[in-house]
A.B. asks: 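Shown below is the structure under consideration.
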Amino acid sequence: MGVLWWPVFVVGVLVLESALIADGGLTSSFVRKVEKTIDMPLDSDVFTTPPGYNAPQQVHITQGDHVGKAMIVSWVTMDEPGSNTVYYWRQNSKRKMKAEGMLTKYSFFNYTSGFIHHCNITHLKHDTKYNYMVGTGHTTRTFWFTTPPEVGPDVPYTFGLIGDLGQSYDSNITLSHYEMNPVKGQTVLFVGDISYADNYPNHDNRRWDSWGRFAERSTAYQPWIWTVGNHEIDFAPEIGEDEPFKPYSHRYHVPYKSSGSTAPFWYSIKRASAHIIVLASYSAYGKYTPQYKWLEQELPKVNRTETPWLIVLMHSPWYNSYNYHYMEGETMRVMYEPWFVKYKVDVVFAGHVHAYERSERVSNIAYNIVNGICKPVTDQSAPVYITIGDGGNLEGLATNMTEPQPEYSAFREASFGHATFDIKNRTHAFYGWHRNQDGSAVTGDTMWFYNRYWHPEDESTSV
Ligand SMILES: *[C@@H]1O[C@H](CO)[C@@H](O)[C@H](O)[C@H]1NC(C)=O
Ligand SMILES: *[C@@H]1O[C@H](CO)[C@@H](O)[C@H](O)[C@H]1NC(C)=O
Ligand SMILES: *[C@@H]1O[C@H](CO)[C@@H](O)[C@H](O)[C@H]1NC(C)=O
Ligand SMILES: *[C@@H]1O[C@H](CO)[C@@H](O)[C@H](O)[C@H]1NC(C)=O
Ligand SMILES: *[C@@H]1O[C@H](CO)[C@@H](O)[C@H](O)[C@H]1NC(C)=O
Ligand SMILES: *[C@@H]1O[C@H](CO)[C@@H](O)[C@H](O)[C@H]1NC(C)=O
Ligand SMILES: [Fe+2]
C-alpha cells in the first residue's frame, strides 16, 4: 500500500475542524477469501510427538534475566519426570556446561499435565550461538539459540510480532510466513492468546500440549516474550477450576522478578537497544494496585541513552476501530496513557482483535470529567498503536469495522498475518506487516519509525 491521500492531520497543528467529517487513514481494499478458520486435528503433522521414551516435547525458550545473559529453557516429558538438567555449549566449543532446572505439573478438571521442566541458564555470553540438550537419561534432543548483543543504544535488532496465534491451519500459515520472512526476526514479541484450549469442552488442556508441539519449531530456537491474554485466564469455577492462569503459569515462565515485578503477568526486559514493558490486561491495574505501582516506578527507570526504543506489549488494545472488543481497553488507557505520553513510548503492540490496525501518533489525555475534551489529537510524544491479533486462531477474523474510519486510524485490514520491527540504530526502525496471502517478502503495510527520544519528528504516513 502506498501513499495515503486523506490529509487528516496538519503537521504540528491540531486537528482541523473540517477533519471532523473526513475519514481516517486507509481501510485496505484487500478482500480475503472468506473461509472458516478451523483447528488442525490432533493427528496433524505439526502435533507429532517426538519419538523415543520420555522424549522432551514442547520445547520453548524465553529471556531469563533483565539484560539477555540468561535464558529460560522449558520442556515437557510425558512418561516420567526425567532429568531437569540442560547441557549447553558454545557452538565452537566442545566444553559442555550444565544447568539444573525445576519440575512442576498441574491438573485441570480431569486432565493431568505431563512433567513440565523449566531451567534458567545463566552467565551466557552476549551475541553467541549456543547449542543445548534436554532429556538427559532418556531420549535427548538438541536445539540452539543465539543470545542478543549487549544492551546498547545503536545495537540493531529485529523483533517479530505475533498475536492470538492459536492452532488452526491459518495459525500454521502465519508461523510459516514468519519463518520465511526475509527480514529475519530474532525474538518474537507475542501479544497474548496462545493455544485457545479454553474454546474446547472443559478447556481440554491437551490443546495446550498440541500448541506447544506445533510452535516448537520456532519457540525452541528463538525466545518468545510472553504477554498474557484472555485465553490464558482459564477461569472455570463451573468445573471447579477457580485459579486464574493455572495452565499458563505452569507452562510459561518469565523473568518478572528481574524487573522488580511481583507477578508473572507484568514485567520488563532489556534486549539489544529496546526496553520492553509487558502489561497485563487481565490483572488489576487501577491506582494503588501492584501493577500500577510497578509501572509507576518502572517508567522513570527507562534509560533512553542505553535503550533508545521503548516498546509496550499488552493484550487488549487501547485504540481499536473494529466492532470487536470495542472499548475493552478503555479503562486501562485512562489509567496509563498520560504516562505513555510523558515517557514517550515509541510503539504499543496489542492483540485481542483478530485483525490488523495501525494508528497515527495520537493521545487523548486532556479530558477531566468537566471539560468535554475527549477526542484523540495528534501528539508527537504519543506512541503508535498497533493491533496485531491476526495470528489466525479458530475464532476467525474480525471483519466488522466502525465507520467512518476514525482519524487516528492510519491503516486497517481484516487479514491474518504477522509483523517485524527492525531496529537499525537509535533513530530509525523499519516496521512491516505481512499478510498471509502474499509471498513471504511482500509487505502489506510499512512504516519507518523515528525514535521518540532521539529523533522525534513526524513520521506519520497520512500527511
Ligand atoms: C474428561 O471428561 C470428558 C467429558 O466428560 C471426557 O470426554 C474425557 O474422556 C475425560 N478425559 C479424561 C482424561 O478422563
Ligand atoms: C504446517 O506448515 C508446515 C510448514 O509450512 C507444513 O510442513 C505442514 O504440513 C503444515 N501442517 C498443516 C497441518 O497444515
Ligand atoms: C535466572 O538467572 C539470572 C542470573 O542469576 C537471574 O538474574 C534471574 O532472576 C533468573 N531468572 C529466573 C526466572 O529465575
Ligand atoms: C543511562 O545509560 C548510560 C549508558 O549506559 C549511562 O552512561 C548512564 O549513567 C545511565 N543513566 C542513568 C541515570 O542511569
Ligand atoms: C457490525 O457491528 C455493529 C455494531 O456492533 C452492528 O450494529 C452491526 O450489525 C454489525 N454488522 C455486521 C454485518 O455484523
Ligand atoms: C540510522 O539508520 C537509518 C536507516 O537505515 C539511516 O538512514 C541513518 O543514516 C542511520 N543513522 C546513523 C547515525 O547511522
Ligand atoms: Fe483475546
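Just so it is clear, the structure is predicted and the values come from calculations on it, not from any experiment. Order of appearance sets the numbers: ligands from 1, and atoms from 1 within every ligand.
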A.B. asks: Looking at K293, I want to see if its NZ is surrounded by more than 12 non-hydrogen atoms of other residues, nucleotides or ligands under 6.0 Å.
C.D. replies: no
A.B. asks: Nearest protein heavy-atom contact for atom 7 (O) of ligand 3: which residue, which atom, what distance?
C.D. replies: D65 CB, 4.0 Å
A.B. asks: Tell me, do M71 and F145 make a side-chain contact under 4.5 Å, heavy atoms counted?
C.D. replies: yes
A.B. asks: In the protein, which heavy atom is nearest to atom 14 (O) of ligand 3, and how far is it?
C.D. replies: N120 ND2, 3.4 Å
A.B. asks: Tell me: protein heavy atom nearest atom 4 (C) of ligand 1, and distance?
C.D. replies: N202 ND2, 3.8 Å
A.B. asks: Which residue and atom name correspond to the protein heavy atom nearest atom 8 (C) of ligand 3, and how close is it?
C.D. replies: G64 O, 3.4 Å
A.B. asks: Can you tell me if S316 has an N, O or S atom under 2.8 Å away from the Fe ion (ligand 7)?
C.D. replies: no
A.B. asks: If we check ring-ring contact (aromatic ring centres under 6.0 Å, His included) with Y132, which of these qualifies: F143, Y87, Y221?
C.D. replies: F143
A.B. asks: In H352, the N, O or S atom nearest to the Fe ion (ligand 7) is which?
C.D. replies: ND1
A.B. asks: Would a line drawn from the ring center of W226 to the ring center of Y256 be shorter than 6.0 Å?
C.D. replies: no
A.B. asks: Tell me the protein heavy atom at minimum distance from atom 1 (C) of ligand 1, and give that distance in Å.
C.D. replies: N110 ND2, 1.4 Å
A.B. asks: For F108 together with H203, are the ring centres under 6.0 Å from each other?
C.D. replies: yes
A.B. asks: If you have a sec, work out which protein heavy atom is nearest atom 9 (O) of ligand 3 and how many Å separate them, to one decimal?
C.D. replies: S258 OG, 3.3 Å
A.B. asks: Looking at atom 5 (O) of ligand 3, what's its closest protein heavy atom, distance included?
C.D. replies: T122 CG2, 3.7 Å
A.B. asks: In terms of residue, atom name and distance, what is the protein heavy atom nearest to atom 13 (C) of ligand 3?
C.D. replies: I72 CD1, 3.6 Å
A.B. asks: Evaluate K125 against E150 for salt bridge (Lys or Arg N to Asp or Glu O under 4.0 Å), listing each step before the verdict.
C.D. replies: CA-CA 9 Å; K125 288 192 190 317; E150 191 174 355; over 6 Å; no
A.B. asks: Which atom name does D193 have for its N/O/S atom nearest to the Fe ion (ligand 7)?
C.D. replies: OD2
A.B. asks: Among the N, O or S atoms that H315 has, which is closest to the Fe ion (ligand 7)?
C.D. replies: NE2
A.B. asks: Does the cation-pi check pass for R206 over Y111, that is, NZ or CZ under 6.0 Å from the six-membered ring centre and within 45° of its axis?
C.D. replies: no
A.B. asks: Would you say OH of Y200 has more than 12 non-hydrogen atoms from neighbouring residues, nucleotides or ligands within 6.0 angstrom?
C.D. replies: yes
